[in-house]
Each structure stands twice: as C-alpha cells, then as structure tokens.
Amino acid sequence: MCGIVGYIGNKKATPILLDGLLSLEYRGYDSAGIATIENDVIKVMKDKGRVKNLENLDGIHDLIGTVGIAHTRWATHGKPCRENSHPHMDNSNTFAVVHNGIIENYIELKEFLISKGYTFLSQTDTEVIPNLIHYYYTNGPVSVLKDSLEKFLGSVKSAVNDLKGSYAIEVISPICPNEVIVVRKDSPLVIGKGGGENYIASDIPAILKYTKEFYLLDDNEFAVISKDIVKFYDSSLTEHSKPIKNIEWDSNAADKCGYEDYMLKEIFEQPTAIRETIGSRFRLGEKCSFDDIDISKEYLKSINNIYIVACGTAMHAGLVGKTLIENLCKIPTTVDIASEFRYRDPIIDEHTLCIYISQSGETADTIAALKLAKSKGAKTLAISNVIGSSITREADYTIYTHAGPEIAVASTKAYTSQVALIAILAMYFAEILGSSDEKTILDLKTDMIDLPTKIEKILDNVEPIKEFAQKIYTEKDMFFLGRNMDYNVALEGSLKLKEISYIHSEAYAAGELKHGPIALIENGVTVIGIITNPNLVEKSISNLQEVITRGAKTLVITNQILTNSHFDYVINIPETNPLLSPILSIIPMQLLSYYISKFKGLDVDKPRNLAKSVTVE
Ligand code: F6R
C-alpha cells in the first residue's frame, strides 16, 4: 500500500524516481508525486492518476535536483486528487514528506497544529507530519540546537514520537540539502547502497537494477542518508552500525521479459519457482533439511496444535497446508484469517506452533497476529518470499519461498510456492517425529520433484482455457466446486477470478451446495468443478450432475478419467499425489482468470481498488 522511492547522488533524481515509481505501482496507483531540492528550494510535482500521468506533467523533466523523494498512492484518507497526493509540505515549504501507512491520531495532531496557527491543504493524515517537524524545528526542545542536521533529525524524531499508527517516512529539506532522513514503523523501507549514491524504496525490486546491496531498516530506526554514507540511529537517536544484505534476485526478475503482463509472466515462472523452492531442501533417499531452521524432536513432541494464519491467497495456501500437516504429522491444525485471529483471543500457549504465511512479509494483520501469538508464549514460524521482510524479523523461525519478486497484484507463483514449501515443512516434521512411514514420504518427494515438469505441460496447452475464457467473459456470476483439497483450491480460483475480472464468484464445498447455494443455479450459469481426488470422483460428479440438471454450463478441471459425465468442457491436468494436486489444479484457474480479464480489456496487473502488500488493517 503506497510505494516510496528516494535518491541521493550526483545524477538527476527525477528519472530514477519515476523509474522506481513505475516498478512500485503495484503498491498503489491512485496518484503519484515527487519532490527534489534545487537551489535551496523544494520543488514538488504531483497529480492524481498513474505514474505515466506524472511523467507527462509539464516541466517534470526539467527538474535538475540530485536529491529527491517520491510516492505512488493507494488512498486511505481523502480521495485521489492533486491536493491529497504526496509529497506533502509544511506551511513554510521547509520540509517535504512522503509517507506509507496510516497515522491513527492525525485528527488530534491536526487540531493541535491548527491551534498553533498551521493550516492544511489536504484531507490526508500525512500532512500533519511535515507541519509537526516544522513545529518542533522552530518551537520544540530541538529548536535551541545550533547544528542544522542534528536539529533536523531531532525534529523528525520529536514529530515521530507523536505519531500513532504505521509509517515509512522520507523527509527532505533545504536546511540539509545533502541528506534524506527516513524512519519506519510497521511499514517497509529499504536503503540500497550504491557507489557515491544511495537509493531508498519500500520494496527491493524497485531499485534492484541499481544495486544488490541493501540495508533493511528496522521498526523505530532512523537513517540519515547522504550520497556517500548512511548513518543509523535507534529511537533515542543513538548511532549504531548495521549489516548490509546481499540480495541474490536477478534484476530481470522485476521486468516483464517480453510478456504482456506480469501476471502471465509469473504464471509461467511457476515451474522455476517450485524448483527453486525445493532447492536443496530434499533429495530422494535423504531426509528433508532447512538451512534456515533446526527444530528438535523434543520441541515438536511438545506441540499440541498448530495454527496457520494468513490473509487472502496466502490463507488459501494455509488451507492446503492444514491437510498436509494433519495427514503427515498427525498434529491438529487450524487455519485462521489474520484479521480475525488477532481480535478473537485464540487459545494458544507454549504448546502451540503458529505458522504465518505472507508473500510480502509486510501484511499488517498477519504481523499483528504473529506478535499476539508470541505474547502468549507460542513459537512462531514465518513463511515469506521477501528476505528480511518485517514478518521474518519478528518470527522465531523463518523459511523462504524462492519464487522471486511477485509484482502482479494477483498472487500466482507465490501461492504454488507456499503450498510446495508447506509440503516440505510437513515432510520435515514427519521425518523428525516418525509420524509417517518412509514410503509415504518417498512417494511424496518423488511426486514433488516431478511437479515443475507437470506444470510446464499444463502451460504448453493454454489454448482450450483461452477458448473457454472467450465464451464466458461477459458473465456476471460463476461458481467453483470441489471437495477437500479441491475445495481449498476452488476458493483460490474464485478469488483470482473476482480480483482481476470483477466477475462475482463463489466457491463451495461441493457437498454443501444442496444446503442453500444451489438455489442460485439457473439456466446458463457457469460452474467450474475441480476433481482430482480419486476417492471422491463419484461424489463430485454427482454434485456437478445436480447443477447440470438445473441448466448450468460446466467446466471441469481433472486428472481423473471421467466416464459417463456430461460436462461442457474438460481440462485435463497431469496426475500427482492428491496431497500436491492444488499446485497443478490452480494453474488452469489462474490462466482462466487472466484470459477473462484480458478479453474484458482490464488492467490485469493493477486491478481496481487493490494494491499489493496490505500494510494497513
Ligand atoms: C490475492 C492476493 C492477496 C494476498 C494477501 C496476503 O491474489 O495477492 O489476497 O495473498 O493480501 O498478502 P501477503 O501474502 O503478502 O501477506
């Protein structure tokens, strides 16, 4: 939610800032803006709409400042318009600020500032920040300091002390034209180290083409960034050093590489993502191992139950994970939505293991749910795709999917990698506990190794899916049906369709249909059935037969031979171990949503009202 970029060096900042914003647009695309310093004056250019709009503003390419901050917005407070776009300035135009997050007490702060004579131009929560900085710079305890940088940093700190909520903030001022000050709490911010120049961004991919060396700012940590040096300070402004992290991602990973959309590219990257996620975590004939964690048998034996907590697609991966863990490890496992879990006083203690899944590692509800479990004495394990993301820094254990950057708002390769990783985790636990026989695990490993090739096979034959998409893209409602894991994956297929095609859809456990939803089935309605569990074929066919009788048009995704069935379309996928089938059966549904969205002429990568990485509640 909201993207932040910053640059300080010898080059013109504007092209670098615009380029960074373009690659961060998936975080928000309601409005965009930049501020640079030129001849001791802050120049701000901003407008509502996409970054392309900003790029076309008169005079933007004439900005020559070599220090700048920039922002692409996902509106929370105040509609998308020029006034509400970032950067925001204080009344004296001395401080320019961009902000990602939400200031919960901004009304109170605004009233305080108004009582001191400040005026406001926007409806945003952010505008209080530059004015508070100005207030402390001129009136607060730091106003007596002589050194301008110390005074600048001190006033940012005083302002931040007043804020309640979440924030990643960049501040520039002509008072110190050779520095950018940043601070974060519960919102991501990274600093990329260059030679004689430094970069700032809310996400690594935005600046990956310039550097592979990153500082990952911690909560309540400040950094003063000049072109040659980055200095770090804790919340009481005591300076400290910070290790640099080398990020291995290929910079091409953040490009479309000839694909029309990131989503399509990421769908096609799934074989590689699964191969990388398996990596060296197991080989046939050897036990599973994780470089990143070492969990003892004593600890696993002391676990009474497991919670898997996440949001959206990651939660759907968790549903598949539940079956994998219960099946292989025999530990009762509950899946919960993070925003619910955190407010319902779950029964957890030191005998509970809580697993948190988050592609971005920055989802506000998931992080809060993790902190809650820690406070109750449970051990926490994070599954994330982003190295050093907030969730990984909070959790007791972290394991990474190696899907590479996921840019499209609709998650695809992250989902299949998350499911693959939980499968490996479940096998790892089962081998430690001895809770499954060796043959079961060996068979599963054999099937996992074959998954990438099987995904390739599905991707080699997208035409039938495209054809079906063309037939149904004008529809208003659709249904997805499945049983057990096929139901879990139906939920994910339905979510994909909703978010990028804006077609209303519902997923139901096929056996549940008769208990109400079947009333919605009428002539011509499309029902998508998933049938991959050999033990449930007959029952699933019967349920689909019931909707056919009521006039539904059916598409079935299956790895079984279906005799005596009357489906309109059948997409055959390769067979695999039923526990792994979601990794294959989701692919046709991802493609179907993608092509429907394309036929409707929609922006697949940036669906309306959404943003990647939900850093607000
Ligand atoms: C849907 C989608 C979202 C995310 C959810 C959690 O395609 O991408 O539902 O899965 O917002 O995000 P992460 O995994 O970053 O915590």
Side-chain angles (χ1 to χ4, degrees), residues 1-3 26-28 74 100 186-188 202-205 261-264 266-267 270 273 308-321 335-342 355-370 380-392 394-395 398-401 403-419 421-422 488-489 491-502 505 507 586-587 589-594 597 602-617:
M1 307 234 127
C2 301
Y26 58 89
R27 297 185 67 95
W74 187 85
N100 174 16
D186 297 335
S187 260
S202 30
D203 253 356
I204 289 168
D261 303 279
Y262 280 112
M263 183 179 176
L264 192 62
E266 288 161 9
I267 290 173
Q270 290 180 103
I308 304 181
V309 183
C311 301
T313 290
M315 192 276 289
H316 293 157
L319 292 172
V320 179
V335 181
D336 212 341
I337 297 167
S339 55
E340 291 295 305
F341 178 89
R342 63 182 288 197
I355 300 177
Y356 295 85
I357 310 174
S358 176
Q359 187 283 128
S360 62
E362 303 295 346
T363 301
D365 282 319
T366 311
I367 295 169
L370 186 149
T380 55
L381 185 151
I383 294 182
S384 181
N385 195 37
V386 179
I387 294 169
S389 55
S390 300
I391 204 166
T392 69
E394 290 287 341
T398 295
I399 52 177
Y400 287 103
T401 47
E406 193 179 63
I407 309 282
V409 165
S411 181
T412 53
K413 62 177 180 171
Y415 170 80
T416 44
S417 305
Q418 284 159 354
V419 174
L421 190 55
I422 305 174
N488 300 154
V489 87
L491 287 164
E492 174 57 10
S494 171
L495 175 64
K496 251 359 31 127
L497 184 73
K498 281 184 202 116
E499 63 183 325
I500 58 165
S501 76
Y502 316 152
S505 75
I586 190 59
I587 312 264
M589 286 184 269
Q590 294 170 343
L591 288 162
L592 186 68
S593 305
Y594 173 81
S597 179
L602 300 173
D603 186 341
V604 177
D605 287 337
K606 299 188 192 83
R608 71 181 175 207
N609 304 340
L610 292 174
K612 194 98 181 150
S613 195
V614 184
T615 51
V616 296
E617 267 194 61

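One-based numbering, in listed order, for ligands and for the atoms of each. Positions are given from 1, in the same order as the sequence printed here. Just the heavy atoms: all of them, side chains too, but no hydrogens, waters or symmetry mates, feed the values below.
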Q359-ligand 1 polar pair, N/O distance under 3.5 Å: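 Among all N and O atoms of Q359, at least one is under 3.5 Å from an N or O of ligand 1.
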Should T313 be counted as touching ligand 1, given the test is an N or O pair under 3.5 Å?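 The answer is yes, given that T313 and ligand 1 share an N or O pair closer than 3.5 Å.
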Between E362 and S389, is there a side-chain donor-acceptor contact under 3.5 Å, judged purely by atom types and distance?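 Per modelled atom types, S389 and E362 side chains form no pair under 3.5 Å.
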From I383 atom CD1 to Y356 atom OH, the distance as rounded to the nearest 0.5 Å: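 Rounded to the nearest 0.5 Å, the CD1-OH separation comes out at 12.5 Å.
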Which ligand 1 atoms are under 4.0 Å away from a heavy-atom of [X]?
X    : value
E499 : 1 (C), 7 (O)
S358 : 13 (P), 14 (O), 15 (O), 16 (O)
A314 : 10 (O), 14 (O)
K496 : 1 (C), 7 (O)
A410 : 7 (O)

Given 3.5 Å as the limit, does a donor-acceptor pair link the side chain of [X] with the main chain of [Y], or not?
X    : Y    : answer
Q359 : S411 : no
K413 : P405 : yes
N385 : G404 : yes
S417 : A403 : no
K496 : Q590 : no
E406 : T412 : yes

Option with minimal heavy-atom separation from atom 6 (C) of ligand 1, where the choices are S593, P607, C311: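 Among S593, P607, C311, the closest heavy atom to atom 6 (C) of ligand 1 comes from C311.
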Compute the minimum heavy-atom distance from V409 to ligand 1 and say whether it is under 4.0 Å. yes
Identity and distance of the protein heavy atom lying nearest [atom]:
atom                    : result
atom 15 (O) of ligand 1 : S360 OG, 2.7 Å
atom 11 (O) of ligand 1 : V614 CG2, 4.0 Å
atom 12 (O) of ligand 1 : T363 OG1, 3.5 Å

